[in-house]
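This report refers to the structure that appears directly beneath it.
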Number of protein chains: 2
Amino acid sequence: MTNSPTLKEVAQRAGVHVTTASRALNPATSSLVNPATMRRVQAAARELRYQPNAMARGLKTAKSMSVGVLLPDLTNPLFPPIVRGIEDVLAASGYTTLIANTDNDLERQRTLFDTLRARQVDGVIIATARRDDNLFTEAHQQGVRMVMVNRRVDQSDIPSVTGDDHDGIAMAVRHLIELGHTRIAHVAGPQHTSTGRTRQRAYRQALDDAGIELDPGLLVTANEFTEVEGAKATRAMFEAGKRPTAVVAANDMIALGCLDVFNERRMRCPDDISLVGFNDMPFVDRLTPPLSTVHVPHYQIGAEAARMLLDRLANPDLPAKSITLPATLVLRESTAAPAV
Amino acid sequence: MTNSPTLKEVAQRAGVHVTTASRALNPATSSLVNPATMRRVQAAARELRYQPNAMARGLKTAKSMSVGVLLPDLTNPLFPPIVRGIEDVLAASGYTTLIANTDNDLERQRTLFDTLRARQVDGVIIATARRDDNLFTEAHQQGVRMVMVNRRVDQSDIPSVTGDDHDGIAMAVRHLIELGHTRIAHVAGPQHTSTGRTRQRAYRQALDDAGIELDPGLLVTANEFTEVEGAKATRAMFEAGKRPTAVVAANDMIALGCLDVFNERRMRCPDDISLVGFNDMPFVDRLTPPLSTVHVPHYQIGAEAARMLLDRLANPDLPAKSITLPATLVLRESTAAPAV
DNA sequence: TTGTATGCGTTATCAA
DNA sequence: TTGATAACGCATACAA
């Protein structure tokens, strides 16, 4: 941002050649240099507040020491904790994080992905995957190092770190059944995402396991993981005459939409209808009522994904793992036994 | 991240010299090149999916086309909207945003700032300023291009974009007075920040303007803009025997802490005590009770700051402006007339 | 232990 | 209109 001192200037000040200065300042090679010289160079570097030019270094080493992160939208409170986990791990290894928001726009995503490649990121962490994505599968085949977080791509060996979607929903449904509910609805998320699909399937399976026959009208799908789309799907269900006593939302944003519709219809939660969300986003514990939801360890998901990427950067031939982090059911005040 | 095609390869494929390829692909110089050649080069570039190497370009042009953003903590919902504003504007001009979290740790901040400089960012947007900061004032004097958001540095000509802290608090206090309150407390934010200080002063001034004498016991200060520190300060006030009928919190996080203490003491808000926050963070409209607060246009603050930085990058001699964006009072359900 | 030469991919400058 | 050459700042193979 301002004419920074170069290695040459440091070398001059220390009275040595650039090469020596480079060696002295580089931990990997500093053992080759005379301790006295070493001190002189370090002193010079300190005095000039020398910072190696990352672009020059990267050009030479063919590494940028940076990692791109593709998110749908940073303002969705789900993602900041993931990003923090990623950043903390990456920063500890000297990597810088480049964040990009796709807004669920595939074209924008392509542009941003290209930008990241232009910046020569050493790897990418992707939170925007669709089940049938080919932008990423192609890139993966071309050798682009990547890790998926939160969502996965179908039938691919791209490594991923996700929460346990299936188990999370299973716990939620079982909890409702134990409370005595049988008319349990699911407001599913978009089926082109692994999260939307897996959770929907887990819902069906959990009902089946309990011997409850699925009423197809109780299964509706939101077009996006948002409050408005969640509300829209929920509203449609009620308008079709369906009367569940409990709703399992595919995520907390959709659950927010459910609550909106409950309010519209003057239904009190949990007295008239129970609700369970998914993710345990920040602040859902302060809703009215405090939301029962499936807690997913987002910070850890981010941290684990970063570690995995780092591993793969160090050792490209590592087999692709898929890590699933355990989910836990957090009971608050949005669930209760059905009214008699 | 994987061996990308270079300009040389594009040139070879198009049967021209690298220089020509460079010119053809660069909008600024493409007018100098023969239309037919141009097409050949572009075709080659497209076929190879050529992406210019940003590091090589940056090394040559001494511009990285990137901007650093220094935040206290991304998981504070205040910041994602600011970041989105910044990113949207910056991306439209081809800049990439580098986000760094300082966690309010001065040493960490210094390290991150150095990292950003090492990455040769063309400018920095800073949301972590302290009133007496000298890391930034020094850097500013050295010619580092920067813009402060949300907070400013005292007595400096560093450009800034902030919400109208003074007016926001004035509106909040006046509103409470109009409702009939006279024992109005303020849980101030850290006084080493411009926001904490300005809001505290605005509170005093507003009382003064209304002819209400300040009870010093009703003015307490939180050590940080967090829920726990807000609760701590609020608790101390009650334990000192003070009984306000209304509280103006320095921000929404602190307001959350106030609500916690109200609950501890079985005080109902707004029946027993009124509360006003500051910022209108996401989700405060869904608290119990929905929080009355001062709305600050965070997205616009970010966008405006990015525009300002862009202006200054283009024209370094621009005078340093300080923009204040208007705040508005958002009345929800946390304020009411005092109990009789 | 230190220095020399070279090149990473791009663009600026100059020459043709 | 195009090509040749050098240079950005750094790291590395090689030589001394």
Side-chain angles (χ1 to χ4, degrees), chain A residues 1-42 44-45 48-66 94 117-122, chain B residues 1-42 44-45 48-66 94 117-122:
Chain A
M1 39 212 190
T2 177
N3 33 28
S4 339
T6 70
L7 195 54
K8 200 164 133 194
E9 299 174 69
V10 173
Q12 277 167 353
R13 181 177 255 261
V16 298
H17 196 267
V18 232
T19 308
T20 310
S22 170
R23 273 194 285 260
L25 263 21
N26 200 321
T29 49
S30 60
S31 55
L32 304 172
V33 63
N34 185 304
T37 316
M38 177 89 164
R39 277 193 295 278
R40 288 218 315 286
V41 175
Q42 286 180 330
L48 294 174
R49 307 210 66 229
Y50 171 73
Q51 286 288 128
N53 183 320
M55 294 191 304
R57 173 178 283 174
L59 186 56
K60 180 64 195 174
T61 60
K63 280 177 172 33
S64 65
M65 294 302 283
S66 66
R117 298 189 72 165
R119 297 230 166 240
Q120 309 295 117
V121 293
D122 298 327
Chain B
M1 38 217 194
T2 181
N3 34 27
S4 341
T6 69
L7 196 55
K8 201 164 130 193
E9 300 175 69
V10 173
Q12 275 166 355
R13 181 175 256 262
V16 298
H17 195 265
V18 234
T19 310
T20 309
S22 170
R23 270 194 288 259
L25 262 22
N26 200 320
T29 48
S30 60
S31 56
L32 304 172
V33 61
N34 186 306
T37 317
M38 178 87 166
R39 276 192 296 277
R40 289 218 314 286
V41 174
Q42 286 179 329
L48 294 174
R49 304 211 69 227
Y50 170 73
Q51 284 287 127
N53 183 322
M55 294 193 303
R57 173 179 284 175
L59 185 56
K60 181 63 195 177
T61 60
K63 282 177 171 33
S64 66
M65 294 302 281
S66 67
R117 298 189 70 165
R119 297 235 166 237
Q120 309 295 116
V121 293
D122 299 327

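Letters go in sequence order (proteins before strands), and every chain restarts at 1.
Using a distance-only test at 3.5 Å, with no hydrogens or angles considered, no donor-acceptor pair links the side chain of B:Gln42 to the main chain of B:Arg39. Judged by distance alone, the side chain of A:Ser64 and the main-chain N or O of A:Gln120 form a donor-acceptor pair under 3.5 Å. Of the possible polar contacts, none joining the B:Arg23 side chain to the B:Thr29 backbone as a donor-acceptor pair under 3.5 Å is found.
Atom CG of A:Leu32 and atom P of C:dT1 are 8 Å apart (whole Å). One atom, NZ of A:Lys60, and another, C1' of D:dC10, lie 8 Å apart when rounded to the nearest Å. Residue B:Glu9 contributes atom CD, which lies 9 Å from atom P of C:dT10 at whole-angstrom precision. Taking atom CZ of residue B:Arg23 and atom P of nucleotide D:dA4, one finds them 11 Å apart after rounding to whole Å. Separating the CG atom of B:Leu7 from the P atom of D:dC8 is a distance of 20 Å, rounded to the nearest angstrom. The CG atom of A:Leu59 sits 8 Å away from the C1' atom of C:dT10 (whole-angstrom rounding). The distance from atom CE of B:Met55 to atom P of C:dT11 is 14 Å, rounded to the nearest whole Å. Note: CG (A:Leu25) to C1' (D:dA11) measures 12 Å, nearest angstrom.
Atom OG of residue B:Ser31 and atom CG of residue B:Asn26 lie 10.0 Å apart, to the nearest 0.5 angstrom. Atom-to-atom distance recorded for A:Asn53:CG and A:Gln51:CD is 10.5 Å, nearest 0.5 angstrom.
Donor-acceptor pairing under 3.5 Å, judged by distance alone, is absent between the side chain of B:Thr61 and the base of C:dA12.
Between A:Arg57 and D:dA11 there is a side-chain polar atom (N or O) within less than 4.0 angstrom of OP1 or OP2.
Backbone-only engagement by B:Thr37 is indicated by non-hydrogen atom pairs under 4.0 Å involving sugar-phosphate atoms exclusively. Nucleic acid contact for A:Thr20: sugar-phosphate only, since backbone atoms but no base atoms lie under 4.0 Å from a heavy atom of the residue. When heavy atoms are screened at a 4.0 angstrom cut-off, B:Thr6 is found touching the sugar-phosphate backbone but no base atom.
Between A:Ser22 and B:Asn34, the residue whose closest nucleotide on DNA chain D is further toward the 5' end is B:Asn34.
In the set D:dA4, C:dT10, C:dG3, C:dT10 carries the atom at the smallest distance from any side-chain atom of B:Tyr50. The side chain of B:Thr19 has C:dA12 as its nearest neighbour among C:dT1, D:dT2, C:dA12.
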